[in-house]
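Take a look at the structure below.
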There are 2 protein chains.
Amino acid sequence: MRNLLEIQKKLVPDMMEILQKRYDILHRISTSGKIGRRSLAAEVDLTERVLRSELETLRAQGLLSIGTDGMALSEAGKRLLEDMKPLVKELFGLSELEERLQAAFGLKRVVIVPGDSDESDHVKWELGRAGAHVLRDSMSPGDVVAVMGGSTMFRMAAQFSMPTAQRDNWFVPARGGLGESVDYQANTIASELAKRTGARYRMLHVPDHLSEEAYQSIMQEPGVREVVDMIRGARIVVHGIGDAMTMARRRKLVPETMEEIRKDGALAEAFGYYFDRDGKVVHRMATAGLRLEDIEAAGVVIGIAGGRSKGEAIASVLRFGHDDILVTDEAGALEALRHH
Amino acid sequence: MRNLLEIQKKLVPDMMEILQKRYDILHRISTSGKIGRRSLAAEVDLTERVLRSELETLRAQGLLSIGTDGMALSEAGKRLLEDMKPLVKELFGLSELEERLQAAFGLKRVVIVPGDSDESDHVKWELGRAGAHVLRDSMSPGDVVAVMGGSTMFRMAAQFSMPTAQRDNWFVPARGGLGESVDYQANTIASELAKRTGARYRMLHVPDHLSEEAYQSIMQEPGVREVVDMIRGARIVVHGIGDAMTMARRRKLVPETMEEIRKDGALAEAFGYYFDRDGKVVHRMATAGLRLEDIEAAGVVIGIAGGRSKGEAIASVLRFGHDDILVTDEAGALEALRHH
DNA sequence: AACATGCGGGACATTTTACGTCCAGCAATT
DNA sequence: AATTGCTGGACGTAAAATGTCCCGCATGTT
C-alpha cells in the first residue's frame with residue numbers, strides 16, 4: 001500500500017471496475033472503428049442503456065466523437081488510449097490473471113489480491129478481507145454457511161461485515177475440534193462470523209478425528225445429530241487450503257497414517273481431506289463434519305489461500321474440481337497456474 | 001495527459017471529488033481522535049446520512065474502527081493516511097489554489113484546469129471544456145444566457161453539451177459584431193451553443209461599436225430592440241478576459257482612443273469594457289449589447305480565461321468585482337494571485 | 001428511385017439506490 | 001440514577017439508473 005493506485009483502490013473501491021469498463025469500451029471502439037451503440041453493447045456485454053450512459057460520460061469528457069453514422073474515438077480519445085497502453089498491465093494485470101485461473105480450473109469466479117502472503121502479513125489480511133467480501137456477495141437470506149478453521153479463515157472472519165444484519169443466516173463449523181489454538185477453530189470462526197453479522201450459529205462439540213465406533217455413538221446424540229445435519233446441508237462452504245504434511249502434523253495423525261498418505265503423494269489438504277497432485281483424494285476418514293459428498297452437493301464452495309508456497313496445493317485442490325470460487329493472492333495464483 | 005492520475009480523471013471524472021471527500025473524512029477523524037458521527041458530519045460539512053454511507057464504505061475497507069463510543073482510524077487507516085501525505089499536494093493542489101482564489105477575490109466558485117494555456121493548445125481546450133461544464137451546471141430551465149465572443153468562448157461552445165435538451169433556454173450574443181473571424185463572433189457562439197443543446201437563440205445584427213446617433217436610430221428597430229432587451233435581461237453572462245491593448249487593436253479602435261485608454265492604465269478587457277489594475281473601468285462606450293449595469297444585475301457572471309500571460313488581466317477584471325465564477329488554468333490562477 | 005438497415009437520441013415506466021429523518025439500545029460519564 | 005453521545009436499524013421519499021420502445025435520419029442497396 002504505497003503508491004497512488006493502491007491508495008485509490010482503498011478509498012474508492014469501485015473505481016477499478018469503472019475504469020476497466022470504460023477502458024474496455026474505448027478499446028473496443030478503437031479496434032472496431034466506426035460502430036453503433038447496439039452492436040457495441042453486444043461486444044462489451046452491457047445492456048444498451050447502460051452502455052449509453054457510459055458513452056454519454058465519455059463523450060462529455062471529449063473522448064468520443066459521435067455522429068449520425070456511428071461513433072469513433074476523438075483525437076483526445078485516441079491519445080488517451082495510447083497513453084494508457086503502458087499502464088494497462090499495471091492496472092488490469094490481476095484481472096487477466098483472474099480470468100486465466102478461472103478458465104484453467106473451470107471456476108465460477110476468481111479474486112486475486114496483489115502481493116504474496118508468504119512475504120507480508122499485510123497481504124494475508126487483505127486476502128482475508130477479499131474472502132470476506134466474496135462470502136458476503138455469495139450469501140442469500142436463509143443460507144447455511146459451513147466454515148473451516150485455520151489462520152486464513154480467522155483473518156477472513158475478523159474482517160467480515162454485512163451491510164444489514166441477517167438474522168436468518170446460519171454459520172456452522174464444517175468440522176469438529178482440531179486441538180489447535182482456539183482462535184483458529186472452526187467453531188470459533190463460525191461464532192465470530194455470526195456475531196459480526198447478527199446471524200445465528202451452532203457449534204459442533206466433537207473432535208474432528210473419530211474412530212468408527214466413537215463416530216457411531218456420538219452421532220446418536222440428538223444435540224450433535226442436529227448440528228451435523230445442518231452442516232451437511234450447508235449451501236455455502238468456505239475453506240482454506242494447506243500443505244498436506246503440515247496439516248497432517250498439525251492434526252497429529254499417527255505416524256503410520258502420515259507415512260501412508262505421503263506414499264500416496266498427498267500434497268494438499270482442504271476440508272479435512274488430502275489430495276495428490278491430480279486432485280485425487282488419497283486419504284479419508286470418518287468425520288462428524290462435512291463429507292466429500294456434502295462438498296459436491298453444496299451450492300457454493302469458496303476456497304481461500306495465498307502465498308507462493310501454497311500455489312501447488314491450491315492447484316491440487318482445484319483439480320479436485322468442486323470449488324466454485326477461489327480467493328488467492330498474486331503469488332499463489334501464478335504458482336497455481338504453473339502447476340496446471 | 002500522461003500519468004495515471006490524469007487518465008483516471010478523464011475516465012472517472014467523479015473520482016477526485018470522492019477521493020477528496022473520503023480523504024477529508026479520514027483526515028478529520030485522524031486529528032479529532034475518537035469522534036461521533038454527528039459532530040464529524042458538522043466538521044466535514046456533510047449531512048449525517050451521507051457521511052454515514054461514506055463511513056460504511058470506509059469501514060468496509062478496513063480503514064475505520066467503529067465502536068460504541070465513537071470512531072477512530074484503524075491501523076490500516078492510519079497507515080493509509082500516512083502513505084497519502086506525500087501525494088496530497090499532487091492530488092488536491094489545484095483545489096487549494098481554487099479556494100485561495102475564491103477567497104482572494106470573493107468569488108462564488110473557481111475552477112482551475114492544470115497547465116498553462118500559453119504553452120499548450122491542449123490546455124486551451126481543457127479550459128473550454130471546464131467552462132462548458134461550469135456553464136451547464138449554472139443553467140436552469142428558462143434561463144437566458146448572454147455570451148461574448150473570442151477564441152476561448154469558441155472552444156467552450158464547441159465542447160458544450162447538455163444531458164437533455166432544454167428547449168426553453170435562450171442563448172444570446174452579449175454584444176454585436178466585432179469584425180473578427182466569424183467563428184469567434186458572439187453571434188456564432190450563441191448559435192453554436194443553442195444548436196448543441198436544442199435550445200433557442202437570437203442574433204444581434206449590429207456592429208459592436210456605435211456612434212451615439214447610430215445607436216439611437218438602430219434601437220428603434222423592433223427586431224433589434226427585442227433582442228437587446230433579452231440580452232440585457234440575461235440571467236447568466238459568460239465572457240472571456242483579454243489583454244486591453246490586444247483587444248483594442250482587434251477592435252480597431254481609433255488611435256486617439258487607444259492612446260487615451262493606455263494613458264488611463266487600461267490593462268484588461270472584458271465584455272467590451274477596459275479595466276485598469278484596480279478593476280476600475282477606464283473606458284466605456286455606447287453599445288447595443290450588454291452594459292455594465294446589466295452585468296451587475298445578472299444572476300451569474302462567468303469569466304473564462306487562462307494562461308500566465310493573462311493572469312494580470314484576470315486579476316484586474318476580478319477586482320471589478322462582478323464575476324461570480326472564474327474558470328482558468330493553473331498558470332493563470334497563480335499569476336492572478338500574484339497580482340492580488 | 002424506392003427501400004431497407006443501422007445509427008443516435010428522445011421518451012417513459014420501473015426498478016434500484018441514495019437520502020433525510022427518527023428512534024431504540026447501549027456505554028460512559030456526570 | 002440520570003444524562004449524554006454513540007452506533008445502527010427502520011422507513012418513507014426523492015433521485016438516479018435501467019430496460020424498453022420508438023422516431024427521424026443518414027447511408028448503402030436493390
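Just the heavy atoms: all of them, side chains too, but no hydrogens, waters or symmetry mates, feed the values below. Order of the sequence lines fixes the chain letters, A, B, ..., with proteins taken first and strands second; residue numbering starts at 1 for each chain.
Rounded to whole angstrom, the span from the NZ atom of B:Lys34 across to the P atom of D:dC6 amounts to 12 Å. The CG-P distance, from A:Asp45 to D:dG19, rounds to 12 Å in whole Å. The CD atom of A:Glu56 sits 10 Å away from the C1' atom of C:dG8 (whole-angstrom rounding). We find that CG of A:Leu55 is positioned 8 Å from P of C:dG8, with the value rounded to whole Å. Atom P of nucleotide D:dT7 and atom CG of B:Leu51 are separated by 9 Å, given to the nearest angstrom. Residue B:Met71 contributes atom CE, which lies 8 Å from atom P of D:dC6 at whole-angstrom precision. For B:Arg59 and D:dC6, the CZ to C1' distance is 14 Å, given to the nearest whole Å. At whole-Å resolution of the value, CD in B:Glu54 and C1' in C:dC19 are 12 Å apart.
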Steps toward salt bridge (charged side-chain N to carboxylate O under 4.0 Å, His left out) verdict (B:Lys21, B:Asp24): CA-CA 5 Å; B:Lys21 182 167 52 174; B:Asp24 256 13; over 6 Å; no

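Mapped onto DNA chain C by nearest heavy atom, B:Val50 and A:Ile66 fall at different nucleotides, with A:Ile66 at the one closer to the 5' end.
Electrostatic pairing of A:Asp137 and A:Arg109 counts as a salt bridge here, judged by a charged N lying under 4.0 Å from a carboxylate O. Under the 4.0 Å criterion applied to side-chain N and carboxylate O atoms, B:Arg59 and B:Glu56 are not assigned as salt-bridge partners. For the pair A:Arg196 and A:Glu192, the salt-bridge criterion is met [side-chain N within less than 4.0 Å of a carboxylate O].
The closest donor-acceptor contact from the side chain of A:Lys10 to the backbone of B:Gln61 lies under 3.5 Å. In this structure, A:Ser53 contributes its side chain and A:Arg49 its backbone to a donor-acceptor pair below 3.5 Å. A donor-acceptor distance shorter than 3.5 angstrom exists from the side chain of B:Gln159 to the backbone of B:Trp125, with no hydrogens or angles considered.
Defining each end axis of the helix from C:dA1-D:dT30 to C:dT30-D:dA1 as the rotation carrying four pairs' C1' atoms onto the next four, with five pairs an end, the two axes are found to diverge by 10° to 10 degrees.
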In B/S/- notation (B base, S sugar-phosphate only, - none; protein heavy atoms under 4.0 Å), nucleotides 22-30 of chain C written 5' to 3' is -B---S---

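Contact annotation for A:Ile35: backbone-only contact, meaning every heavy-atom pair under 4.0 Å involves sugar-phosphate atoms and none involves a base.
Here the CD1 atom belonging to B:Ile304 is positioned 6.5 Å from the CG atom belonging to B:Leu127, to the nearest 0.5 angstrom.
Contact annotation: A:Arg49 side-chain N/O to C:dC12 OP1/OP2 distance is not under 4.0 Å.
Across D:dG19, C:dC19, D:dG8, the shortest atom-to-atom separation from the side chain of B:Ser53 is found for C:dC19.
Environment of CD in A:Glu48: crowded, with over 12 heavy atoms of neighbouring residues, nucleotides or ligands closer than 6.0 Å.
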